[in-house]
Amino acid sequence: MSVLSSDVHDSAKDPAAEIWFAEPPGFMALPLDALLPAPESPDAAALRNALAPFLDVAPDDMIRQQFIAQCQKGQQLLGALREVGTVHCSIGLHRDDIDDANIGSDQPLISLLTLSWRDTAVAPRGVNVARAVTSAQGHTRIDYVELPCGPATFSETELAHSADNGLPETPLIQIHAHLPHPDCKRLVVLTLSSAAAGRREQYRAILRQIAETVSFVSPLEHGTSEAR
């Protein structure tokens, strides 16, 4: 996995990379490897050193323990994402500057972008992307499109609050893009999640913009240094 932007990310030159894409402004990638280090590894020591200044300025031990607990919850979430094939995760922060009295304008909007690999049965690429959304429950507003990297499907799901899932009371919308790999036996799933259900159209447009930059062949090999 590699990320390209107006400035080429170092990962774009990784010889082991299998997918390239660009993120629009407002997204900050989370370093999964650094945040989920192996115990007693150099990366674990580096993470402890990075967090030490925050612990040192905590006013009391209770606040310090709360901070540690929140960090652990964040690691559990990232660990769960990695277990289902997530290889990239970014937090999006955008200003809600659309004039809408029902939503409230000029407010910060937070979203989560993930990129995950999913194995599939060997089949034509068009079949794989169609099957990805029709075989799963809850997908709505399904669109089949042709992107520069090949066929793709866009869809939406909504996660509602319940007492046992820990979600906020506001429903969580998820916009998905399924893009099959040329080997016809796996696909990549881009998911953009947000509690701002009233902005689903804007988030759908953002995810479409990202999906249009996806390439399974390094753009750098063709002399391209930008993905958009």
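Quick note: residue numbers are just sequence positions, from 1.
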Scan side-chain atoms only and decide if Gln174 and Ser193 contain a donor-acceptor pair under the 3.5 Å cut-off. yes
Is any side-chain heavy atom of Trp117 less than 4.5 Å from a side-chain heavy atom of Val189? no
Nearest 0.5 Å please: distance from the CD1 atom of Ile175 over to the CD1 atom of Ile206. 10.0 Å
Does a side chain donor of either Arg125 or Asn128 reach within less than 3.5 Å of an acceptor in the other side chain? no
Backbone N/O of Ala22 and side chain of Thr213: donor-acceptor pair under 3.5 Å: yes
Backbone N/O of Pro108 and side chain of Arg95: donor-acceptor pair under 3.5 Å: no
Hey, mind stepping through Thr191 and Leu112 against side chain to side chain contact (heavy atoms under 4.5 Å, CB included) and telling me if it holds? CA-CA 8 Å; Thr191 300; Leu112 181 70; over 6 Å; no
Under 4.5 Å between side-chain heavy atoms, counting indirect links through other Ile/Leu/Val/Met/Phe/Trp/Tyr residues: same cluster for Ile19 and Leu147 or not? yes
CA sep, side-chain torsions, deciding dist, call: Leu30, Ile91, side chain to side chain contact (heavy atoms under 4.5 Å, CB included): CA-CA 7 Å; Leu30 298 178; Ile91 294 178; 4.0 Å; yes
Just jot down the ring pair (Phe, Tyr, Trp, His ring centres under 6.0 Å) partners of Phe27, sequence neighbours excluded, or say none. His94
Which value, rounded to the nearest 0.5 Å, describes the distance between Ile68 atom CD1 and Lys73 atom NZ? 13.5 Å
Residues clustering with Val133 (ILVMFWY side chains joined when closer than 4.5 Å, directly or via others): Ile142
To the nearest 0.5 Å, how far apart are CG in Leu179 and CD in Glu212? 10.5 Å
Under 3.5 Å, sequence neighbours excluded: what are the donor-acceptor pairs made by side chains of residues 46-60?
{"from": "Asn49", "atom 1": "ND2", "to": "Ala45", "atom 2": "O", "distance (Å)": "3.2"}
{"from": "Asp60", "atom 1": "OD1", "to": "Met62", "atom 2": "N", "distance (Å)": "3.1"}
{"from": "Asp60", "atom 1": "OD1", "to": "Ile63", "atom 2": "N", "distance (Å)": "2.8"}

Could you check whether any side-chain heavy atom of Asp143 comes within less than 4.5 Å of a side-chain heavy atom of Glu156, counting everything from C-beta outward? no
Within a strict 4.5 Å, meaning less than it, do heavy atoms of the His178 and His139 side chains meet? yes
Ala44 backbone acceptor or donor facing Ser41 side chain under 3.5 Å: yes
Other residues, nucleotides, ligands: >12 heavy atoms within 6.0 Å of Ile110 CD1: no
For a 4.5 angstrom cut-off between non-hydrogen side-chain atoms, does Pro151 reach Pro180? yes
To check you understand the geometry: which heavy-atom pair defines the closest contact between Ala177 and Ala211, and what is its length? CB-CB, 4.4 Å
Testing the basics here: between Glu158 and Pro171, what is the closest heavy-atom pair and its distance to 0.1 Å? OE2-CB, 3.5 Å
Can you see whether Thr86 engages His88 through a side-chain donor-acceptor pair at a distance of less than 3.5 angstrom? no
Contacts of Phe216 meeting ring pair (Phe, Tyr, Trp, His ring centres under 6.0 Å) (sequence neighbours excluded), chain-then-number -> His181
Does any N or O in the side chain of Ser194 come within less than 3.5 Å of the main-chain N or O of Ala196, such that one atom is a donor and the other an acceptor? yes
Nearest heavy atoms of Cys89 and Leu81, plus distance in Å: SG-CD1, 4.3 Å
Distance col, row Ser111:OG vs Gln202:CD, nearest 0.5 angstrom, shows 12.0 Å
Val129: hydrophobic cluster co-members (side-chain, 4.5 Å): Tyr144
Drop me the distance from Leu115's CG to Glu23's CD, to the nearest 0.5 angstrom. 9.5 Å
Please tell me whether Tyr203 and Val145 are part of a single hydrophobic cluster in this structure, the criterion being side-chain heavy atoms less than 4.5 Å apart. yes
If you group Ile, Leu, Val, Met, Phe, Trp and Tyr by side-chain heavy-atom gaps below 4.5 Å, do Leu187 and Phe21 land in one group? no
Under the criterion side chain to side chain contact (heavy atoms under 4.5 Å, CB included), I'd like the reasoning laid out for Gln65 against Gln70: C-alpha separation, chi angles, the key distance, then a yes or no. CA-CA 9 Å; Gln65 292 303 318; Gln70 291 297 321; over 6 Å; no
Phe67 CZ to Gln72 CD distance, which is reported to the nearest 0.5 Å: 11.0 Å
Go through it in stages, so that I can follow the logic: the residues are Val214 and Trp20, the test is side chain to side chain contact (heavy atoms under 4.5 Å, CB included), and I'd like the CA-CA distance, side-chain angles, deciding distance and then a yes or no. CA-CA 6 Å; Val214 169; Trp20 290 258; over 6 Å; no
Please collect all salt bridge (Lys or Arg N to Asp or Glu O under 4.0 Å) contacts where either partner lies in residues 178-189, sequence neighbours excluded, each pair once. Glu18-Arg186, Asp183-Arg186
Do the side-chain N and O atoms of His176 and Ser155 include a donor-acceptor pair separated by under 3.5 angstrom? no
